[in-house]
Number of protein chains: 4
Amino acid sequence: MTSSKKPDKYYAILEGALRVFAEHGYHRSQVSKIAKEAGVADGTIYLYFKRKEDILTSLFREKLGELVDKFNAGLDEKMTAREALQKVCCIHFSELENNLPLAYVTQIELRQSDLELRKEIGLAVKPYIVLIENILKKGVHDGSFRSNLDVKLVRLLLFGAMDEVVTSWLISGQKYSLSAQAPAAIEFFMNGLTG
Amino acid sequence: MTSSKKPDKYYAILEGALRVFAEHGYHRSQVSKIAKEAGVADGTIYLYFKRKEDILTSLFREKLGELVDKFNAGLDEKMTAREALQKVCCIHFSELENNLPLAYVTQIELRQSDLELRKEIGLAVKPYIVLIENILKKGVHDGSFRSNLDVKLVRLLLFGAMDEVVTSWLISGQKYSLSAQAPAAIEFFMNGLTG
Amino acid sequence: MTSSKKPDKYYAILEGALRVFAEHGYHRSQVSKIAKEAGVADGTIYLYFKRKEDILTSLFREKLGELVDKFNAGLDEKMTAREALQKVCCIHFSELENNLPLAYVTQIELRQSDLELRKEIGLAVKPYIVLIENILKKGVHDGSFRSNLDVKLVRLLLFGAMDEVVTSWLISGQKYSLSAQAPAAIEFFMNGLTG
Amino acid sequence: MTSSKKPDKYYAILEGALRVFAEHGYHRSQVSKIAKEAGVADGTIYLYFKRKEDILTSLFREKLGELVDKFNAGLDEKMTAREALQKVCCIHFSELENNLPLAYVTQIELRQSDLELRKEIGLAVKPYIVLIENILKKGVHDGSFRSNLDVKLVRLLLFGAMDEVVTSWLISGQKYSLSAQAPAAIEFFMNGLTG
DNA sequence: CATGAATGAGAATTCATTCAT
DNA sequence: CATGAATGAATTCTCATTCAT
């Protein structure tokens with residue numbers, strides 16, 4: 001047993017679910033279809049997940065964890081805050097652009113949840129939000145961002161702005177390049193409408 | 001299309017649905033519960049709406065129409081682009097802060113829909129997005145915003161940023177004032193992180 | 001609406017359930033089979049019964065109520081306690097002998113229940129037990145039974161004795177006449193082993 | 001058939017099942033729970049029992065065998081029929097009163113079976129019924145009981161009467177002493193209502 | 001003999017929708 | 001127009017049983 005504590009079937013089911021959710025949407029994805037896609041029996045799902053909803057949240061947790069890992073891997077202590085934020089935005093757009101099923105699940109399926117589930121999802125997003133916050137703090141500290149920045153608010157503004165761009169691109173049918181939006185978005189983040 | 005075409009029961013059902021959706025979430029709201037809340041028989045619902053989903057989209061269309069009306073009423077040709085955007089942001093936050101059921105439905109329930117429905121919802125949001133776009137264009141035109149602004153992208157950034165702030169406030173349990181976030185948000189929109 | 005408060009379908013479902021339970025046993029009787037037997041849709045069952053188990057208890061309550069009615073109809077204030085008890089025993093045996101599905105359900109199916117349900121069933125049997133008790137009291141009062149009779153205990157002994165005879169007859173495959181056992185049973189009730 | 005044929009795990013499983021059945025009831029007792037209680041793997045159960053139902057019947061056979069052994073041990077050739085019957089009734093009540101899990105299983109759980117199983121159980125009860133019958137025959141033979149006794153019927157009456165008293169005591173929550181009922185029961189058995 | 005992960009058949013229940021009144 | 005009783009399709013989850021190790 002290596003550092004990854006979960007058995008192979010756990011991941012097989014998640015990957016199956018990712019594909020099925022992306023194609024049919026959460027509510028239209030029967031557990032039996034996920035099982036078939038994962039190559040396991042229906043009952044096996046319940047050895048690894050307490051209920052159908054758990055597949056959704058686990059999927060999100062795992063995938064978002066991977067994303068945060070990629071963000072961390074792409075960042076560097078020596079980067080300026082501005083460079084770090086550029087990197088985050090580029091990774092955010094390019095990762096979802098290059099993994100359409102993941103994009104569907106994060107932007108569409110995972111929002112199909114009630115308040116309770118949204119709170120759980122909020123927890124999973126937290127590390128990413130915190131990552132953004134830390135970049136903001138660093139920028140404020142080294143003087144590259146303004147000193148009166150409300151970091152708690154601005155981290156939401158940044159996340160929400162990027163998130164909406166992704167969703168809009170997805171719903172539009174991916175008719176244009178998502179990652180190509182990064183420079184203009186970053187320019188807006190840095191200088192706003194007037195600068 | 002005038003607003004007076006629809007009979008009273010149409011609106012009674014929508015208001016009932018708003019309350020029920022806000023309390024239980026879309027997927028947990030039975031049609032019969034909406035009917036009871038609206039004071040009509042179950043079958044009556046189907047005289048006004050083709051299916052349950054139609055209630056959701058109609059609700060959204062109506063409510064968002066009201067919001068856009070309020071935006072339009074709050075704006076004035078003589079305002080500067082900056083003033084207009086300030087107004088939009090303040091209305092966006094205060095309207096949802098003062099109408100919690102509406103906030104639940106727009107931020108949580110309406111997202112509980114698959115891709116098909118999301119496209120429809122996108123259409124309903126369009127007028128608001130366009131409204132923002134027009135303000136941006138005006139600002140670019142009169143020189144108060146930068147000339148190289150990518151208005152198609154920035155309108156999404158603005159909408160997404162505001163939207164995320166509202167959702168976050170809602171999920172957090174409305175522990176703070178939403179409308180109090182407006183000045184700092186606008187400051188960010190105008191000057192970005194560096195200005 | 002006459003004195004019987006329940007709609008026809010309520011009884012149709014109970015009669016269907018009686019037949020299906022008798023043939024397959026409670027645990028092997030699917031709700032859908034009961035529905036088909038009753039000539040209603042599956043969902044209709046749930047308009048009249050909260051859950052499958054409710055059909056079983058309601059069936060028991062109704063049928064035992066009918067039996068108690070028959071006991072009461074068969075009894076007469078002017079009867080001696082001995083005559084009343086004879087009557088009770090004869091009715092007990094003949095009613096079940098002449099209604100085999102009912103006998104199956106009361107003697108076999110209804111026992112297939114856990115402690116919780118058994119308590120509920122106990123409540124339904126109570127009126128019958130009380131009826132026996134009243135006869136005993138009367139007999140003690142008028143001197144035809146011994147004065148030191150522990151009526152609370154003896155009512156159980158009588159019920160249990162008759163009940164076992166019925167069950168045994170049923171399990172044996174009804175190879176002999178059940179009602180023919182009544183005289184000897186009554187003789188035992190009256191005079192015991194020694195008299 | 002000696003009693004030492006079965007390996008330890010056979011009995012470990014039965015004892016585990018006794019505890020689990022007593023706490024949760026037969027239908028709510030998962031095989032895996034019995035396995036855990038017995039300290040064996042799920043699959044091991046199937047090395048000793050063909051199916052879940054077999055655990056129930058085996059349990060009953062074993063436990064009833066023990067009871068019959070105790071009856072036999074408590075009886076004595078030199079006893080009168082009356083004394084023997086007294087003894088049987090006292091043992092019947094006291095054994096179950098002093099072994100609550102056993103009482104639950106015999107009075108409640110074992111009844112949760114369909115006709116087929118009930119017949120098997122009937123076979124297991126047979127030795128006890130025969131034991132009672134033999135006492136009756138002896139009594140008739142030595143003149144202490146009436147000569148016209150229908151022993152086939154009366155053995156059922158006696159068993160059913162005692163059985164009902166036990167079940168009633170159990171369902172009531174054991175609020176009173178079960179064994180204290182023996183004298184009055186025996187008095188009834190001997191002299192009936194009138195004597 | 002023993003294990004326990006994997007299986008997959010099986011059934012109760014819900015609820016959007018219809019339609020006879 | 002309005003009703004609400006009736007419908008029945010649809011799906012999650014459980015758990016007895018198996019079998020490769």
Side-chain angles (χ1 to χ4, degrees), chain A residues 7-10 12-13 27-36 38-55, chain B residues 7-10 12-13 26-36 38-55, chain C residues 7-10 12-13 26-36 38-55, chain D residues 7-10 12-13 26-36 38-56:
Chain A
D8 286 353
K9 292 207 172 165
Y10 174 83
I13 292 166
H27 282 106
R28 286 185 190 152
S29 296
Q30 298 98 319
V31 172
S32 64
K33 199 169 278 178
I34 296 170
K36 182 172 285 183
V40 301
D42 292 18
T44 305
I45 300 250
Y46 291 88
L47 297 178
Y48 297 93
F49 302 92
K50 219 171 171 54
R51 58 188 70 256
K52 186 187 173 189
E53 204 175 59
D54 279 358
I55 308 177
Chain B
D8 286 355
K9 287 203 176 170
Y10 173 83
I13 293 166
Y26 175 70
H27 282 106
R28 287 187 189 149
S29 295
Q30 298 96 318
V31 172
S32 64
K33 198 169 280 176
I34 295 171
K36 180 173 286 184
V40 302
D42 293 16
T44 304
I45 300 245
Y46 290 86
L47 298 176
Y48 297 94
F49 301 91
K50 207 166 178 58
R51 55 189 69 257
K52 186 186 174 190
E53 208 175 55
D54 280 356
I55 308 177
Chain C
D8 287 353
K9 293 208 171 165
Y10 174 83
I13 292 165
Y26 174 70
H27 282 105
R28 287 187 190 149
S29 297
Q30 298 97 317
V31 171
S32 63
K33 200 169 279 177
I34 296 171
K36 182 171 287 183
V40 300
D42 293 17
T44 305
I45 300 248
Y46 291 88
L47 296 178
Y48 296 94
F49 302 92
K50 216 170 173 54
R51 56 188 71 256
K52 187 185 172 190
E53 204 175 57
D54 279 359
I55 308 176
Chain D
D8 286 354
K9 288 200 175 169
Y10 174 85
I13 292 166
Y26 175 70
H27 282 107
R28 286 185 190 153
S29 296
Q30 298 96 319
V31 172
S32 64
K33 199 171 278 177
I34 296 171
K36 180 173 285 184
V40 301
D42 294 16
T44 305
I45 300 244
Y46 291 85
L47 299 175
Y48 296 94
F49 301 91
K50 211 169 175 56
R51 57 187 72 255
K52 186 186 175 190
E53 208 174 55
D54 280 358
I55 309 176
L56 190 66

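Within every chain, numbering begins at 1; the chains are lettered A, B, ... in the order of the sequence lines, protein sequences first and strands thereafter. Since this is a predicted model, take the numbers as computed values, not measurements.
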Novice: Both D/Q30 and C/G39 contact DNA chain F. Taking the nearest nucleotide for each, which residue is further toward the 5' end?
Specialist: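 Checking each residue's closest nucleotide, the 5'-ward one belongs to C/G39.
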Novice: Could you say whether B/V40 or C/K9 is positioned toward the 5' end of DNA chain F, judged by the nucleotide with the nearest heavy atom to each?
Specialist: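 The answer here is B/V40.
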Novice: Grab the NZ-C1' distance between B/K50 and E/dA16 for me, whole Å please.
Specialist: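 The answer, rounded to whole Å, is 14 Å.
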Novice: Using atom CD1 of C/I34 as one end and atom P of E/dA11 as the other, report the distance to the nearest whole Å.
Specialist: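 After rounding, the gap between these two atoms is 12 Å.
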Novice: What closest approach, in Å, do A/R28 and A/Q30 show between heavy atoms, and which atom pair accounts for it?
Specialist: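 In this case the closest contact between A/R28 and A/Q30 is O-OE1, 3.3 Å.
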Novice: Using whole Å, what does the distance between atom C1' of nucleotide E/dG10 and atom CZ of C/R28 come to?
Specialist: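 Going from C/R28 (CZ) to E/dG10 (C1'), I get 14 Å.
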Novice: For the CD1 atom of C/I34 and the CD1 atom of C/I45, what is their distance to the nearest 0.5 Å?
Specialist: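 So the CD1 of C/I34 and the CD1 of C/I45 are separated by 5.5 Å.
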Novice: Any chance you could encode DNA chain E as dot-bracket? Rule is Watson-Crick or G-U wobble with both distances under 3.5 Å; [ ] for pairs crossing earlier ones, | for another strand.
Specialist: .||||||||||||||||||||
Novice: Within residues 42-49 of chain D, find the residues that approach DNA chain E with a heavy atom at under 4.0 Å, and present them sorted by residue number.
Specialist: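 The answer is D/D42, D/G43, D/T44, D/L47, D/Y48.
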Novice: Rounded to the nearest 0.5 Å, what separates atom NE2 in D/H27 from atom CG in D/L56?
Specialist: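 Answer for the NE2-CG pair, D/H27 versus D/L56, is 9.0 Å.
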Novice: Taking only residues two or more places apart in sequence or in another chain, which ones pass side chain to side chain contact (heavy atoms under 4.5 Å, CB included) with B/Y48?
Specialist: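 Partners of B/Y48 by the side chain to side chain contact (heavy atoms under 4.5 Å, CB included) criterion, ordered by chain and then number, come out as B/P7, B/K9, B/Y10, B/I13, B/T44.
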Novice: Show the nearest heavy-atom pair for residues C/A12 and C/A38, with the distance to one decimal.
Specialist: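 Taking C/A12 first and C/A38 second, the nearest heavy atoms are O-CB, 3.5 Å.
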Novice: Using a heavy-atom cut-off of 4.0 Å to chain D, what are the terminal contacting nucleotides of DNA chain F, in 5' to 3' order?
Specialist: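 The contacted stretch runs from F/dC15 to F/dT18.
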Novice: With rounding to whole Å, what would you report as the distance between E/dC1 and F/dT21 at their C1' atoms?
Specialist: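 Each nucleotide's C1' atom is 13 Å from the other's.
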Novice: Under 6.0 Å from the six-membered ring centre of D/Y46 and within 45° of its axis: does the NZ or CZ of D/K52 meet both?
Specialist: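 No - D/K52 does not lie over the ring of D/Y46 by the 6.0 Å and 45° rule.
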Novice: Start at the 5' end of DNA chain E and walk down; is the nucleotide closest to A/A41 or to B/S29 reached first?
Specialist: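 Closer to the 5' end of DNA chain E: A/A41.
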